[in-house]
Amino acid sequence: MHSAVLLIEFGSIILGLGLLGRFAARFRLSPIPLYLLAGLAFGEGGLLPLGASEEFIATGAEIGVILLLLMLGLEYTASDLVSNLKTHYPSGLVDCAFNALPGAAVALLLGWGPVAAVVLAGVTWISSSGVIAKVLGDLGRVGNRETPVILSVLVLEDLAMAVYLPIVTALVAGAGLLAGSLTLAIALGAAGLVLFLALRYGRVISRFVSSDDPEKLLLVVLGLTILVAGVAQQLQVSAAVGAFLVGIALSGEVAEGAHTLLSPLRDLFAAVFFVFFGLHTDPSSIPPVLLPALGLAVVTALTKITTGYWAARRAGISVKGRWRAGGALVARGEFSIVIAGLAVSAGIEPSLGPLATAYVLILVVLGPLTARYTEPLATWWTRRREPRRDAAQTTHRTKEADAQVAD
């Protein structure tokens, strides 16, 4: 009987997610907010709480995080990461300062403590690569001059996660200074070793994993990723970082083939992850934090626009392209929820999960709108101010001429 209930519940969830995804696609929206809302509806305090399938969903959610980071790593080669780090690191530093500090400040102002401040800083810092990539494709901007700048900022954020996630994992686990430093040293050492091996022996590693049979390639890559993620988690580093490093180590045809084969699995388990996060958030806990979430969303939307504008200006992009770059970076999504999920699982701060949920819901909806309308609005505002500026300059010249005549 328990098995039958589990199948019914899980089947209903997957079917519901598929229908929500189709609904979102029809209106060219990200399905992430709908998945979160579905989790709220069927979680603690929701309309119809689930019971039998919760443990199974928890495992699926963990696999979802691993696949999200693996697919992210497959997008980049080690040489890409090193090149981006050398060329665009000032943009990464500005991005971190402008967008992490507001989250940390809000957590401290709410009295949540330093650990929650570090977590919320990450939630507000990391943009959603998935949502932004989809929006750029929908708007036909993949070939625009500002797009490499946008991608560079996203790459630097993703690379920073290899350092940031172990720190958060150690902090939420209550590890002391020595244990936390050891965890970070292991993570940095592993990241450095993987980058070195990928740069020096990337073809050899890819040849070892490669297979002409899609079934064997899928099993080897998936098995290797989950194994490395498990070892990383055992070392208190973070399963997500382990998966990310596996993705970086693979390149060429192997990476392309693995990306094609794993994309449907990633979409499935990532959707389950968002539902799982929603399941563990009581809907009644969101209204008390809605105002801070809205204020934080407005502030960090503006700071992301500023970040994109500055990075594009540094790269010599035109003014319109600068505004487009800024507007495209606003969306937060999957990785903000991943970071918040670490704190929620550890029971760091009861209100952090609801605030992160509300914050992501706001910005994952607002992000596509800012990507589309930031540049037209900035252009309109500039043109509106030009006549006023011209009129002021004319008035100033007239006064100067009158003064000269009087003299």
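This chain uses plain numbering: 1 for the first residue, then up along the sequence. Every value quoted in this text rests on a predicted model; they were computed, and no experiment measured them.
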Atom pair CG/OG of Leu154 and Ser128 - distance to nearest 0.5 Å: 8.5 Å
Intermediate values then yes/no, side chain to side chain donor-acceptor pair (under 3.5 Å), Glu375 and Thr379: CA-CA 6 Å; Glu375 182 261 318; Thr379 302; 3.2 Å; yes
Euclidean distance, Phe269 CZ relative to Leu262 CG, rounded to 0.5 Å: 11.0 Å
Main-chain N/O of Asp95 paired with Thr307 side-chain donor or acceptor, under 3.5 Å: no
Residue pair Tyr164 / Val118, side-chain heavy-atom distance below 4.5 Å: yes
Any donor-acceptor pair under 3.5 Å from Ser210 side chain to Arg207 backbone: no
Nearest-0.5 Å distance, CG of residue Asn99 to OG1 of residue Thr306: 8.5 Å
Closest contact, heavy atoms only, Cys96 versus Trp125: CA-NE1, 3.6 Å
Leu369 and Thr374: CA distance, side-chain angles, deciding distance, side-chain contact (heavy atoms from CB on, under 4.5 Å) verdict: CA-CA 8 Å; Leu369 299 177; Thr374 296; over 6 Å; no
Minimum side-chain heavy-atom gap Leu302-Val299 below 4.5 Å: no
Any side-chain heavy-atom pair of Leu156 and Val153 under 4.5 Å: no
Thr147 (side chain) donor-acceptor with Arg141 (main chain) under 3.5 angstrom: yes
Side-chain touch Leu329/Ile305, heavy atoms, less than 4.5 angstrom: no
Neighbour count above 12 (heavy atom, 6.0 Å) for Asp212 CG: no
Candidate pair Leu224 and Phe208, rule side-chain contact (heavy atoms from CB on, under 4.5 Å), full reasoning: CA-CA 12 Å; Leu224 177 64; Phe208 171 75; over 6 Å; no
Nearest atoms (heavy-atom pairs only) where Asn144 meets Gly140: OD1-O, 4.1 Å
Minimum heavy-atom distance between Gly21 and Tyr35, given as atom pair plus value: CA-OH, 4.0 Å
Backbone N/O of Ser127 and side chain of Glu157: donor-acceptor pair under 3.5 Å: yes
Pairwise side-chain contact, Thr124 with Leu101, heavy-atom cut-off 4.5 Å (strictly under): no
Separation between CG of Leu17 and CG of Leu268, rounded to the nearest 0.5 Å: 8.5 Å
Heavy-atom check, side chain of Tyr359 versus side chain of Thr300, under 4.5 Å: yes
Of all pairs that satisfy ring pair (Phe, Tyr, Trp, His ring centres under 6.0 Å), the ones with a partner from residues 305-332, not counting sequence neighbours: Tyr309-Trp323
Arg372 atom CZ: more than 12 heavy-atom contacts under 6.0 Å: no
Residue pair Leu363 / Ala301: nearest heavy atoms and the distance that separates them: CD2-CB, 4.3 Å
Check against side-chain contact (heavy atoms from CB on, under 4.5 Å), Val338 and Ile126: CA-CA 11 Å; Val338 168; Ile126 304 296; over 6 Å; no
Leu361 CG to Leu37 CG distance, which is reported to the nearest 0.5 Å: 5.5 Å
Distance (rounded to the nearest 0.5 Å) between Leu19 CG and Leu34 CG: 11.5 Å
Sub-4.5 Å side-chain heavy-atom contact between Arg322 and Glu146: no
Closest approach of Leu261 to Pro214 (non-hydrogen atoms, all atoms of both residues): CD1-O, 3.4 Å
N/O donor-acceptor pair under 3.5 Å between Lys304 side chain and Ala331 backbone: no
Side-chain heavy atoms of Arg332 within contact of Val364, under 4.5 Å: no
Criterion side-chain contact (heavy atoms from CB on, under 4.5 Å) on Val119 and Ile348, from CA distance to verdict: CA-CA 10 Å; Val119 173; Ile348 295 300; 5.7 Å; no
CD/Glu62: more than 12 non-hydrogen atoms of other groups inside 6.0 Å: no
